[in-house]
Trainee: 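I'd like to ask some things about the structure below.
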Amino acid sequence: MKSLKTMTVMVALTAAAAGSNAHAAVERVEMDDRFCMTCHGVDGIGNEGIQAPRLAGMEPWYLKRQLELFRDGIRGKHPEDLEGLEMQPMAEILSDESLADIVEWVGTWEYVPAEPTISGDVAKGRTLYNTCVACHGDQGQGNQAMNAPALQGQNDWYMVTQLKNFKAGYRGADPRDQFGMQMRAMTQMLPDEQSIIDVVSYINTLGK
């Protein structure tokens, strides 16, 4: 599938002789919406500097839903969700066709697990993760039936930020985001920032 937007450019033609009227021609320039690598890195491996997560290997159903949430103003509207505020306008311009094309395109990228960047108490994190297993799986493999994405191999700095956002109500506060609201409720079981770091440190060990 190839999704394209068309921009119309008016090109003025210079008159060949003095006194002639200028003419205009219309040139159609095709552009697409495949600009994800600008923020998410080459082949979608993620970019910590701007908190853009790894897309390569992300489930297409989850990526599609998140793009729709951003596009529809359900995610990325809270004034404290700084990264979401940057992403929301990027998705807002997508048509259904463009969105489907991006999801298909991202699906061609090779999955490369992200390297760990944080260190916490893995033993404590294992205990905290027990509440996550029912949805995200014992190995963080995700579960489409529960609308829970894979956590295994995702950027740990991104997971920390999103858990903080859920806990603070910056994400999952919109009643239209059913699964985000569920996740927001679950994060209340994480008492503080250290517990978030611990559980993500444990997630870093999954699938290895």
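Quick note: numbers below take in every heavy atom, side chains included, and nothing from hydrogens, waters or symmetry partners.
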Trainee: Quick one, Cys132 and Met186 - any side-chain contact, counting heavy atoms below 4.5 Å?
Mentor: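 Contact flag for Cys132/Met186 side chains = no.
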Trainee: Is a side-chain donor or acceptor of Asn155 paired with a backbone partner of Arg54 at a separation under 3.5 angstrom?
Mentor: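 Yes, because the side chain of Asn155 sits within donor-acceptor range (under 3.5 Å) of the backbone of Arg54.
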Trainee: Are side-chain N/O atoms of Arg65 and Asn147 paired as donor and acceptor at under 3.5 Å?
Mentor: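 A pair is found: one side chain offers a donor N or O, the other an acceptor, under 3.5 Å apart.
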Trainee: Do Gln66 and Arg75 have side chains that get closer than 4.5 Å, going by heavy atoms?
Mentor: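 Yes, side chains in contact.
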Trainee: Picking from Thr161, Ile197, Thr117, what satisfies side-chain contact (heavy atoms from CB on, under 4.5 Å) with Asp156?
Mentor: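 Going through Thr161, Ile197, Thr117 one by one, the side-chain contact (heavy atoms from CB on, under 4.5 Å) with Asp156 is satisfied by Thr117 alone.
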Trainee: Apply salt bridge (charged side-chain N to carboxylate O under 4.0 Å, His left out) to residues Asp121 and Arg126 and explain how you reach the verdict.
Mentor: CA-CA 9 Å; Asp121 190 321; Arg126 180 184 295 108; over 6 Å; no
Trainee: With the threshold set at 4.0 Å, does a side-chain nitrogen-carboxylate oxygen contact exist between Arg71 and Asp96?
Mentor: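 A salt bridge links Arg71 with Asp96.
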Trainee: If hydrophobic clusters are built by linking Ile, Leu, Val, Met, Phe, Trp and Tyr wherever their side-chain heavy atoms come under 4.5 Å apart, do Leu63 and Met90 end up in the same one?
Mentor: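 Same cluster: Leu63 reaches Met90 through Ile, Leu, Val, Met, Phe, Trp or Tyr contacts under 4.5 Å.
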Trainee: Are Leu99 and Trp61 linked, directly or through intermediate hydrophobic residues, by side-chain heavy-atom contacts shorter than 4.5 Å (ILVMFWY only)?
Mentor: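 Yes, one cluster joins them.
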Trainee: Looking at side-chain heavy atoms only, is the closest gap between Leu67 and Met87 below 4.5 Å?
Mentor: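 Touching, per the 4.5 Å side-chain cut-off.
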Trainee: Is there a path from Ile93 to Val103 through hydrophobic residues (I, L, V, M, F, W, Y) whose side chains come within less than 4.5 Å of each other?
Mentor: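 Result: yes, single cluster for both.
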Trainee: Might you point out which heavy atoms bring Gln88 and Gly76 nearest each other, and give the distance in Å?
Mentor: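 Minimum heavy-atom contact is CB-O, 3.6 Å.
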Trainee: Tell me whether Glu59 contacts the main-chain N or O of Pro149 through its side chain, where contact means a donor paired with an acceptor under 3.5 Å.
Mentor: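 Here the side-chain-to-backbone pair does not exist.
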Trainee: Would you say the side chain of Lys124 lies within less than 4.5 Å of the side chain of Ser195, judging by non-hydrogen atoms?
Mentor: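 Side chain of Ser195 against side chain of Lys124, heavy atoms only: no contact under 4.5 Å found.
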Trainee: Quick check: closest heavy atoms across Cys135 and Ala148, and the distance to 0.1 Å?
Mentor: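 Smallest interatomic distance, heavy atoms only, reads O-CB, 3.2 Å.
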Trainee: On a heavy-atom basis, which atom in Cys36 and which in Trp105 lie closest, and how many Å separate them?
Mentor: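 Taking every non-hydrogen atom into account, SG-CZ3, 3.8 Å.
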Trainee: Hey, does the side chain of Gln51 reach the backbone of Glu83 with a donor-acceptor pair shorter than 3.5 angstrom?
Mentor: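 A pair under 3.5 Å: no.
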Trainee: Set out, in order, the CA-CA distance, both residues' side-chain angles and the distance that settles salt bridge (charged side-chain N to carboxylate O under 4.0 Å, His left out) for Asp101 and Arg34, then state yes or no.
Mentor: CA-CA 8 Å; Asp101 175 63; Arg34 294 181 175 185; 2.8 Å; yes
Trainee: A side-chain contact here means heavy atoms from C-beta on lying under 4.5 Å apart; do Glu110 and Asp43 qualify?
Mentor: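 The answer is no, as the side chains (C-beta and beyond) never meet within the 4.5 Å cut-off.
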Trainee: Salt bridge or not for Arg171 and Asp81, using N-O below 4.0 Å?
Mentor: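 Result for this pair is no, no salt bridge flagged.
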Trainee: Check for a donor-acceptor pair, side chain of Glu92 on one end and backbone N or O of Asp72 on the other, with a separation under 3.5 Å.
Mentor: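 Checking the backbone N and O of Asp72 against the side chain of Glu92, no donor-acceptor pair under 3.5 Å is found.
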Trainee: Heavy-atom distance under 4.5 Å between the side chains of Tyr129 and His136, does that happen here?
Mentor: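 The answer is yes, as the side chains (C-beta and beyond) meet within the 4.5 Å cut-off.
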Trainee: Might you point out which heavy atoms bring Gln141 and Ala150 nearest each other, and give the distance in Å?
Mentor: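 Heavy-atom minimum between the residues: O-CB, 3.4 Å.
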Trainee: To the nearest 0.5 Å, how far apart are CD1 in Ile203 and CG in Leu151?
Mentor: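 The CD1 atom of Ile203 sits 5.0 Å away from the CG atom of Leu151.
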Trainee: Quick one: pull up CD1 in Ile196 and OG in Ser201 and give me the separation to the nearest 0.5 Å.
Mentor: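 Answer for the CD1-OG pair, Ile196 versus Ser201, is 11.5 Å.
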Trainee: Do Val106 and Phe70 land in one hydrophobic cluster if side-chain heavy atoms of ILVMFWY residues count as linked below 4.5 Å?
Mentor: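 Looking at the clustering, Phe70 is in the same group as Val106.
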Trainee: Does Met189 belong to the same Ile/Leu/Val/Met/Phe/Trp/Tyr cluster as Phe179, with side-chain heavy atoms less than 4.5 Å apart forming each link?
Mentor: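 No; Phe179 is not reachable from Met189 via cluster members.
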Trainee: Kindly give the heavy-atom pair with the smallest separation between Asn47 and Cys39, and that separation in Å.
Mentor: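 Closest pair (atom of Asn47, atom of Cys39, distance): CB-O, 3.0 Å.
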